[in-house]
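As structure tokens, the structure follows; a few thoughts come after it.
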Amino acid sequence: MNIARSHVLISIDAGTIMAGARGVQAELVEEIKKKGLSGEVAVLETGNLGVTGMGVVLVVYPEGFYYGNVTKEDIPEFVEEQLLKGRLVKRLLLTQAPKRFIIRREKMGLTKEQPRIVLKNCGFINPESIEEYIAAGGYEAASKALTAMTPEEVIGEVKRSALAGRGGAAFPTAAKWEFARKAPGEEKFIICNADEGEPGTFKDRLILEGDPHKLLEGMLIAGYAVGASKGFIYIRGEYALSIERTEKAIADARSYGLLGNTIFDKPFGFDIEVMKGAGAYVCGEETALIESLEGHRGHPRNKPPYPVVSGLWGKPTVVNNVETLANIAEIVRNGANWFKQYGTPKCAGTKVYTILGHVATPGLIETEMGTTLRDIIYDYGGGIGDGKQFKGALVGGAAGAFLGPDMLDVQMDFVNLKEYAAALGSGAILVMNQDTSMVDMLKSVLHFFKHESCGHCAPCRLGTARLVEIVDRIADSEAKADDVDRLLAIASVMKDTSFCPLGQSLYLPVSSCLKYFREEIAGS
Amino acid sequence: MDREAIVKGFEPQLHNILYILHELQDNNPRHFVAKEDIEACADYLKVPYSYVHGVATFYTMFSLTPRGRHIIRLCDSPPCHLMGSTTVLDYLRQKLGIDVGETTPDGAFTLELASCLGICGVAPAIMINDEMFGKLTPDRVDGILEERRKGV
Amino acid sequence: MNLDELKAIREKAKKDIQLRQKEARIKIVVGMGTSGIASGAREVLRSFVDEIAGRNLVDVMVTQTGEKGFASQEPMIEVLEEGKPGVIYGNMDAEKARKVVAEHIVKGNPVLEYVIETS
């Protein structure tokens, strides 16, 4: 069978015909033949593509690149670069993204559009209806992966997309899959980490509640790529609605034969089970989560061995975040190149952010990697409410970093923020206005850590208790002379000696808060 | 309440322990994990009592002391804190006449603190049993409590 | 499930949805994510259902969806009518829901003061 690897759609309507679309079309077909690509690339006529006033318009599928003002003279270069070598012809590229990924917020006084990959269906389809998901193109990617691609090809596509884990650590997803695929052992597992506990983060809940099949499809593809036959979704116990809807989605997928012993007539079986957590922040750490899943107290394990080698019940296990897995179907369906048109050269794709605190319209957005804090706060969050001034933001949840006004224009992605000793983390952005007491905020963060320290190792168990004592003294204006330095010293020791990321990560909020607001803290 | 029937609703495998404890607690008229619950779970899973006790005390959603019919869990993580959860907490304390960790004399409400509930966009927020409430003001809190009291 | 079956289901699902939409002149989609519910979406949904049943509006369908991400505007609802742009209302309550039925659904005049967006 001859399957075209890509399609070029050419818009043929009154406007484009006047701009010379017929001539471009003939030239395109001719050039494709000349380069010997006829079997691989198909040219299709289509009506208006939703772009007007841009001359002759071409769209390359599956990548979804829009080209405009294309002339006959451009065709040789277009075919050579885009179709043969897979490189973009930047000068002809339209910056407009396809309309279906766009959500407008103009009426809310907000002008920015959001490219939505992960949240494409959220808030539009009925999450309890598998039919609506399928009607919206659902499980197409899974069918493509299982019937037309080898597991290695699936991993290759994800690798080219440069997708990095969205839970906060930003580890390359394809690398995890590859390790687990190559690890010896018959039985392997895919675990979806939906123990979303980072304060200020609820992106995973939105997906679980609003589009659970998107996650199931991502897990199914991951299972096929890794060679796993069983998946678990560990959802925190507080997310009652997420658990209910995900369980319904699993039951529906089973009854449609999208989970089970043979899927798409392939000798590949995959099933998914929901695990309900019971309230422990530390279980968001992957080895603690595995311990909890096995039925133990959620204490983190020693690493190495990493879960990809020895995870759940000692078997190779991939642990991926909900948002990460929700990207998979779109990457497989549209291709890595399409995915890479979003984001920065170092960090591809979009990121879901929660914008909270003192902004006019708190909520959740999906936007490209590399968006600045200023754009997020002022264009998407509606600016600081009540005519107040920006004072600072806590980016990345409680384990994130405080940022001051001079960080407003820094491009935010996983790589870039690291250079500023900050982290994107889970994407939670808590905005504080001029009236906020930073001592109070730091106190809230430290109390959170004290409560959530699991008690497994001494540095974290004792360190958080001491930090809380100190910050309480500062808040009560009873600070000793060296208390501020002591905060940093303890956090620093915890960073070096704590057993797991919970204790280690606390250094970031403490050090960054002191970096920007030391005078205020010391002066209390 | 038949503890044996509850635990038998699950395969006797250790990884079901959280499900079993959730189910035992939900079915306990005082909404907590009693000594007998721990015993039933330990016997069924063939693990020591101390093991189940250790697991039950590790997770904040399980309580080892009796609680009221409606468990109010107020989020005091940084986002809710910034948006005034302390004011809501003070109001709840005064309105219910109890402190955190206590139960009203009529057994209707228990007040607890919780870490981020994940509805920060409508902070400050509380969770009562399985249901979440956001954009809280004293008026709204009054309405919610009243409805719960009536619903008993 | 195989490829052809998936295609068949997709086509059927699309048709079913169209059919339902044809039977229903207007579809009211209530945002039933946790943020919506926490802000009172259940009361809004109940109010719509009661009002539509009370007025015996047989060609109006009430359905649900997840969150769109604009927590501050919850509860949000969307009114979809064939051939017209969708209308999104925000900060709804039971009273506003009744007004939307009376003005928008029955008389065809969107209640502009509650509208936050058109799609």
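A note on names: the letters A, B, ... follow the listed sequences, proteins ahead of strands, and every chain is numbered from 1.
Counting heavy-atom neighbours within 6.0 Å of A:K450 NZ, excluding the residue itself, gives a total of 12 or less. Around the NZ atom of B:K8, the shell of radius 6.0 Å holds no more than 12 heavy atoms that belong to other residues, nucleotides or ligands. Enclosure of atom CG in B:D106 by more than 12 non-hydrogen atoms of other residues, nucleotides or ligands within 6.0 angstrom is indicated.
Your options are B:P78, B:S77, B:G54, B:C75, and the one with the most heavy-atom pairs under 4.5 Å with chain A is B:P78. Counting heavy-atom pairs under 4.5 Å between each of B:D130, B:D76, B:T60 and chain A puts B:T60 at the top. In terms of non-hydrogen atom pairs under 4.5 Å with chain B, the most contact-rich of A:H447, A:M275, A:H451 is A:M275. Contact count against chain B (heavy-atom pairs under 4.5 Å) is highest for A:G237 among A:G455, A:G197, A:G237. By number of non-hydrogen pairs under 4.5 angstrom with chain B, the leading residue of A:E452, A:H299, A:H358 is A:H358.
A:Y281 is linked by a ring pair (Phe, Tyr, Trp, His ring centres under 6.0 Å) to A:F448, counting only residues two or more places apart in sequence or in another chain. For B:F32, there are no ring pair (Phe, Tyr, Trp, His ring centres under 6.0 Å) partners, not counting sequence neighbours. Remark: A:F499 engages A:H456 in a ring pair (Phe, Tyr, Trp, His ring centres under 6.0 Å) (not counting sequence neighbours).
Neither the backbone nor the side chain of A:V359 comes within less than 4.5 Å of any heavy atom of chain B. Residue A:A240 touches chain B through its side chain alone, counting heavy-atom pairs closer than 4.5 Å. Using a 4.5 Å cut-off between heavy atoms, A:E198 touches chain B through its backbone atoms (N, CA, C, O) alone. The part of A:C283 that comes within reach of chain B is its side chain, from C-beta onward, which places non-hydrogen atoms under 4.5 angstrom from that chain. If you measure heavy-atom distances from A:L430 to chain B, the contacts under 4.5 Å come from the side chain alone. Proximity to chain B is absent for every atom of A:D204, based on heavy atoms less than 4.5 angstrom apart. Looking at A:S292, the atoms closer than 4.5 Å to chain B (heavy atoms on both sides) sit in the backbone and in the side chain alike. For chain B, no part of A:T354 is nearby; none of its heavy atoms comes within less than 4.5 Å. Of the two parts of A:E294, only the backbone, made up of N, CA, C and O, holds a non-hydrogen atom closer than 4.5 Å to a non-hydrogen atom of chain B.
Panel note: side chain B:H22, backbone A:G277; a donor-acceptor pair is recorded below 3.5 Å.
Residue B:Y59 comes nearest to A:A280 through the heavy atom pair CD2-CB, 3.8 Å, listed as atom of the first residue, atom of the second, then distance. Among all heavy-atom pairs drawn from B:Y19 and A:V274, the shortest one is OH-O, 2.9 Å. Across A:A278 and B:L18, no two heavy atoms sit closer than the pair CB-CD2, 4.3 Å. In terms of heavy atoms, A:Y239 sits closest to B:L117 at CE1-O, 3.4 Å. Minimum interatomic distance between B:I119 and A:R205 (heavy atoms only, all atoms of both residues): CG2-NH2, 3.6 Å. For B:G118 against A:R236, the heavy-atom pair with the smallest separation is N-NH1, 4.2 Å.
A:E238 places a side-chain heavy atom less than 4.5 Å from the side chain of B:R73. Contact annotation: the side chain of A:H296 never approaches that of B:I17 to less than 4.5 Å [non-hydrogen atoms, C-beta and beyond].
In this structure, NE2 on B:H15 lies 14.0 Å from CD1 on A:I290, to the nearest 0.5 angstrom. Note that CD1 of A:I429 is 12.5 Å distant from SG of B:C120, once rounded to the nearest 0.5 Å.
Residues of residues 82-90 of chain B that come within less than 4.5 angstrom of chain A, heavy atom to heavy atom, are B:L82, B:M83 in numerical order.
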